[in-house]
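For reference, the structure is listed below as structure tokens.
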Protein chains: 2
Amino acid sequence: MKVLTSPKLSHVEVTSDFWKRYRELIVKEVLPYQWAVMNDEADISIAEDPQNNGQDKNSHAVANLKIAAGKMEGHHYGFPFQDTDVYKWLEAAAYSFNYHPNEDLQKITDELIDLIAEAQDDDGYLSTYFQIDAPERKFKRLQQSHELYTMGHYIEAGVAYYQSTGNQKALDIATRMADCIDQNFGLEDGKIPGYDGHPEIELALARLYEVTKEKRYLDLAHYFLNQRGQDPEFFNKQIEEDGEERDLIANMREFPLSYYQNDKPIKDQESLTGHAVRVVYLCTGIAHVARLTGDEDLLAACKRFWNDIVKRRMYVTGNIGSTTTGESFTYDYDLPNDTDYGETCASVGMSFFAKQMLNIEAKGEYGDVLEKELFNGTLSGMSLDGKHFYYVNPLEADPVASKGNPGKSHVLTHRADWFGCACCPANLARLIASVDQYIYTEGEDAVLSHQFISNTAEFQNGVTVSQTNNFPWAGDIHYTIENPSGEDFKLGIRIPGWSNKTSYKVNGENKSLSVEDGFVYVIATDGTTTIDIELDMSTKFMRSNNRNVSDYGKVAVQRGPVVYAAEQADNEIPLWLYKVNTKEEPEYHFDEKLLDGVGVLKVVADKPALDSENDDLYVEDQEQELIPSTLTLIPYYAWANREDGQMRVWLNK
Amino acid sequence: MKVLTSPKLSHVEVTSDFWKRYRELIVKEVLPYQWAVMNDEADISIAEDPQNNGQDKNSHAVANLKIAAGKMEGHHYGFPFQDTDVYKWLEAAAYSFNYHPNEDLQKITDELIDLIAEAQDDDGYLSTYFQIDAPERKFKRLQQSHELYTMGHYIEAGVAYYQSTGNQKALDIATRMADCIDQNFGLEDGKIPGYDGHPEIELALARLYEVTKEKRYLDLAHYFLNQRGQDPEFFNKQIEEDGEERDLIANMREFPLSYYQNDKPIKDQESLTGHAVRVVYLCTGIAHVARLTGDEDLLAACKRFWNDIVKRRMYVTGNIGSTTTGESFTYDYDLPNDTDYGETCASVGMSFFAKQMLNIEAKGEYGDVLEKELFNGTLSGMSLDGKHFYYVNPLEADPVASKGNPGKSHVLTHRADWFGCACCPANLARLIASVDQYIYTEGEDAVLSHQFISNTAEFQNGVTVSQTNNFPWAGDIHYTIENPSGEDFKLGIRIPGWSNKTSYKVNGENKSLSVEDGFVYVIATDGTTTIDIELDMSTKFMRSNNRNVSDYGKVAVQRGPVVYAAEQADNEIPLWLYKVNTKEEPEYHFDEKLLDGVGVLKVVADKPALDSENDDLYVEDQEQELIPSTLTLIPYYAWANREDGQMRVWLNK
């Protein structure tokens, strides 16, 4: 028997209609729009944005770089991490060149690289707030400064830009930053024995190591992960020296240590809590460095934290972060639908975490969660026109409540043009533009296919895998493997947890394949092999673990990976009156004219008549006549693209 | 036919076991405890109180008066309205003398009157914060100063103290205050054309008018009501002059005008919103002055606002105020149970409002709401030992949620020793101590009996009405009227809205009495007349108007006027798992050993097994086996008197 080896991927071309629409939107609308905003040239106003923090400019992010580069006069404006908006955008642009070469855009991005290089200090430091307005405070208040977070985001962008365009300068900026950080941080005498208040540098350095193979960068990432929480008072000591009241960001001193995941060393943390985005960025770095170093403590930690989030703290749409206070996790099974946060960045970050876990072990659960994020909790962060964004992604919304109850004022029922803290828009753009990188991993002896996103993948040994389907709307999935390599090619295909009965044909013949840890495996010998998979696309009524009070007695409707929502645009309000009949199979049809083409569900329901305002507020409960009705559902990701109105994911039974 | 006239009440003695327990508790525990706290002599600490605002003393309220009186050195401490804690306590003590003469206590209160007199300025002004620390700012920032609110509370106390003890000095302090206010406020040249940020002075002046018959006081109350909102910018103009940043209470500038009910004149307000206590204190004043003046606009306004609150904004327990942000109302039918505020003071204030409405017209609805408040939303504000208090009264609580979700951090699952803003404890004390004043009103031709609180009432014409019952536990209500007056005596008895079938005997014979606007009327001619009423005490499952999303599909359990709650002390958690069977009649028994004697309900329910933490967070919904179970309920007012735990009023069906 031949020893199988998994060949290396050389190229993936996404051919999925669903994803091509989004990826072309990135090129045609999202990138130009975001560039205009960051250059303060878009005709928008963020004054009404609840995340705005009283800012009166839209962005100023590019201007900050120009000032730091000496090309413009003025002060820094915005958050200390304002630079990262530009870097995430640059990274998204870099990915877009892989599927949509674009000379005009590349002229802009090449010039942007030049500008960033000019803004960078001689020692490699780059964080425009400190360079322009507080050079004496560099690395002096890391709890709030986001300096390593900011440089981490550049490093990610620089690596991506170098990889897609070959621009060496982009990579050099990144290595100079990493060298600067290496010279300033560590346990050696004269270095700062600390770490950033917002994880990001760890995952960035791991990426930089993978492209440069410079072990110092991996060691530095490993250092940051090991050092975190060793001295829980590190931030407070810095703050005392820097001057208690001189906050860079208001209220950030008030959060407990666990908010920053530095109350204990990572290996001693049973569970991570606090700011959801910090948690998943940290987990992404842990998983990445665990794989590269083989550190068993970190490996155990990322599996533990994964389980913690997925089993007890994640919304059915993949959103995470149950409270607006600090954009944070709360406690196990606390998943309120109408006051949640579910930050777009947290879902994007959870996708990064899942991507790293895919590389650690062949377990379908990682791809299942990634799929949940890709088709629900991340995409909901952007409107179908690519120019409006959600920071907060509720699972239940009502414009009257958002306006009338201060505890829900963070829940917007229409996406905003932009944000004072604009972390989400470009974060989502870089995920969509790089979705080709989330489809396959190279396992030890098999290539693993994690996502049903139509594509053609070429491998270095000449093997080609073509996947065609009409996912997420249809469940017939086709693979054609051309194998001229002379070696067997083993393909593992993730079979989603939601597919109750799945049938397989290999080369046209029915096969009974067994699912091992979420995957079926097919060995493609010489020539052409076809695999046809029929997934169970029946509509499912999902319930939550009954330790979760918010969803008890309710159902969420899911078809394939897509979680559905009821919207006022399709249904008479109030939406809470409907009681869904889970015994009746919902009717499904694809409506190509609706919301740029979505699968629509009609669910059998009934509801009592709406009480009158003249009726008493409390009456004796009596059997109420129920009116047969139908509830129309659309995919959650596509909500709030029509008129303002109520929305609900969890429906009464 | 003789013309009936309603005689005047001369004395009411409460004989109800239920209320005697509470009223003796006021004398034996509540008044001594609160006096000790206000003198900073109680062994407690309010440092952990979420309402504490960073205060490091327990009260300092009496000390502030001593400093203002020149009997002690030092600065004012606490809120600008800290004095009112003392005045409300004094008022409660005054009422207690009516049923429990107490020489030792009266020595203290007489001396307190002397102290207050010494603290009062020559011109009648009294607000210790301004006298001690900011004399130049008197009446300069009324939005936040609470000066008229503070003096209003003294006026109420002074009137009550004069009425129960005959202490003329107590009344003189009040009239001197009213004179001071009269000299400073009004539309005449040189006067301030304004009003207080917190209504109270209006109702206080109306009370002062009733005892002094000095029309200037009624006119002044009327002025404040008419002037409110005539110039919506009045507060802001004062703030601009006083200096924008010099807030007396942080964040109070941030609320909209409607928070202070001064965005429009009262007669133009469709609905009152904002701070719940301000609203009901204002409504109490409106109703009182409307009755005394016959002002039709005010009369229409108080009826409109009553309807607004009772029909669309009141919890089933009588609590009001749906959000912790500003302790405020939100919007119609927004009644979340786990994040509500339901301030004890707001329920007490709603009782004041109801009391005034009782005097306006003979409609049973006012007594129904008052009864709801008396047996539920007010009493829940104090522990059975009389030494622990709730500011916030939730209808659903979970210690894990209060600790783990910042949006619920205001919800305590155990009553506190005291508060930084200690408005509630003495407010509840004065209500309980004066409950005898809430039983009867003198209608045009009939005496109206509004509450089933056993008592003996004597009237000036020699008529005696004795009411005996074991309410709220039993529904057999007995009246004995002794009428030696030679005139017919007409008694109207409110029949509660919850009593579906009520039977009557007059002088031992069955009678069919018709309910008119909530009352049955019996005419007692010479001699002895007995009335026996049998109320419907069956347990009722109540539902909310289905415009209220929070209670949809749920039931609250009520027996007589008492609303019940499930507590962890009696039931396996989580409480949300239970599905109540509303077809089965709950079992009722009175447990004299439990919670100082309460009626207990056992409700038939079933529930699924609790899912495991190892189970997936989301699974396909399937028919779940339900385990037959029983839910034990105790009266809502008595919750949180045992170990910390979950509590729910609204139960799943």
Side-chain angles (χ1 to χ4, degrees), chain A residues 310-314 316 322-326 328 330-336 338-339 398 400-401 403-407 497-498 500 540-549 552-553 555-556 558 574 576-577 579 582 608-622 624 652-653, chain B residues 310-314 316 322-326 328 330-336 338-339 398 400-401 403-407 497-498 500 540-549 552-553 555-556 558 574 576-577 579 582 608-622 624 652-653:
Chain A
V310 169
K311 282 276 181 94
R312 292 184 285 276
R313 298 185 177 196
M314 178 176 278
V316 70
S322 296
T323 178
T324 180
T325 305
S328 294
T330 55
Y331 60 94
D332 288 349
Y333 303 104
D334 183 41
L335 295 158
D338 54 344
T339 58
D398 183 346
V400 179
K403 184 164 173 284
N405 188 316
W498 47 259
N500 288 340
K540 310 237 168 8
F541 292 103
M542 305 299 290
R543 73 167 179 90
S544 179
N545 186 300
N546 63 28
R547 290 171 181 259
N548 164 4
V549 61
Y552 183 66
V555 286
Q558 184 173 345
W576 62 77
L577 285 190
K579 297 174 188 221
T582 59
L610 182 63
D611 289 329
S612 153
E613 292 204 3
N614 295 321
D615 289 333
D616 280 343
L617 188 45
Y618 303 105
V619 295
E620 222 174 311
D621 186 52
Q622 280 168 338
Q624 279 183 281
N652 287 316
K653 260 175 71 166
Chain B
V310 170
K311 282 276 181 97
R312 291 183 285 276
R313 299 186 176 195
M314 178 175 278
V316 70
S322 296
T323 178
T324 180
T325 307
S328 294
T330 55
Y331 60 95
D332 287 350
Y333 303 104
D334 183 40
L335 295 157
D338 55 344
T339 58
D398 183 345
V400 179
K403 185 163 172 283
N405 187 316
W498 48 259
N500 288 341
K540 310 238 169 6
F541 293 102
M542 305 298 291
R543 74 166 178 90
S544 179
N545 187 301
N546 63 28
R547 290 170 182 260
N548 165 5
V549 61
Y552 182 66
V555 287
Q558 184 173 346
W576 62 77
L577 285 190
K579 296 174 190 220
T582 59
L610 181 62
D611 290 329
S612 152
E613 292 204 5
N614 295 319
D615 289 335
D616 280 342
L617 188 46
Y618 303 104
V619 295
E620 222 173 312
D621 186 52
Q622 280 168 337
Q624 280 184 280
N652 287 316
K653 262 175 69 166

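Naming convention: chains lettered A, B, ... in sequence-line order (proteins, then strands); numbering from 1 in each chain.
For chain A, the option among B/Val555, B/Val619, B/Thr325 with the highest count of heavy-atom pairs below 4.5 Å is B/Val619. Note on A/Gly553, A/Ser328, A/Pro608, A/Ser322: by heavy-atom pairs under 4.5 Å with chain B, the leading option is A/Pro608. Each of B/Asn548, B/Val400, B/Asp332 has some count of heavy-atom pairs under 4.5 Å with chain A, and the biggest count is that of B/Val400. Of the residues considered (B/Gln558, B/Lys579, B/Gln622), B/Lys579 shows the highest number of contacts with chain A, using heavy-atom pairs under 4.5 Å. Chosen from B/Gly497, B/Gly404, B/Gly407, the residue pairing most often with chain A at heavy-atom distances under 4.5 Å is B/Gly404.
Heavy atoms closer than 4.5 Å to chain A are found in both the backbone and the side chain of B/Val549. Of the atoms belonging to B/Lys653, it is side-chain heavy atoms, and not backbone ones, that fall under 4.5 Å from chain A. For B/Phe541, the parts lying under 4.5 angstrom from a heavy atom of chain A are both the backbone and the side chain. Heavy-atom distances place both the backbone and the side chain of B/Asp616 under 4.5 Å from chain A. If you measure heavy-atom distances from B/Asn500 to chain A, the contacts under 4.5 Å come from the side chain alone. Of the two parts of B/Val310, only the backbone, made up of N, CA, C and O, holds a non-hydrogen atom closer than 4.5 Å to a non-hydrogen atom of chain A. Both the backbone and the side chain of B/Asp615 come within contact range of chain A, with heavy atoms under 4.5 Å apart. At a 4.5 Å heavy-atom cutoff, the contact between B/Ala401 and chain A is made by backbone and side-chain atoms alike. Looking at B/Ser612, the atoms closer than 4.5 Å to chain A (heavy atoms on both sides) all sit in the backbone: N, CA, C or O.
The shortest distance between side-chain heavy atoms of A/Leu617 and B/Arg312 does not fall below 4.5 Å. Side-chain atoms of A/Tyr552 and B/Leu577, non-hydrogen and from C-beta on, do get closer than 4.5 Å to each other.
A salt bridge links A/Arg543 with B/Asp611: at least one charged nitrogen is closer than 4.0 Å to a carboxylate oxygen. Comment: B/Glu613 does not engage A/Lys311 in a salt bridge, judged by the lack of any side-chain N to carboxylate O separation of less than 4.0 angstrom. The existence of a salt bridge linking A/Lys540 and B/Asp621 is excluded, since no basic side-chain nitrogen approaches an acidic carboxylate oxygen closer than 4.0 Å.
Taking OG1 of A/Thr323 as the reference point, atom CG of B/Asn405 lies at 5.0 Å (rounded to 0.5 Å). Here the OH atom belonging to B/Tyr618 is positioned 8.5 Å from the CE atom belonging to A/Met314, to the nearest 0.5 angstrom. A/Asn546 contributes atom CG, which lies 8.5 Å from atom CH2 of B/Trp576 (distance to the nearest 0.5 angstrom). Put simply, CD on B/Glu620 and CH2 on A/Trp498 are 11.5 Å apart, with the number rounded to the nearest 0.5 Å. Considering CG of A/Asp398 and CG of B/Asp334, their distance stands at 9.0 Å, rounded to 0.5 Å.
The two residues A/Pro406 and B/Thr330 have their closest heavy-atom pair at CD-CG2, 4.1 Å.
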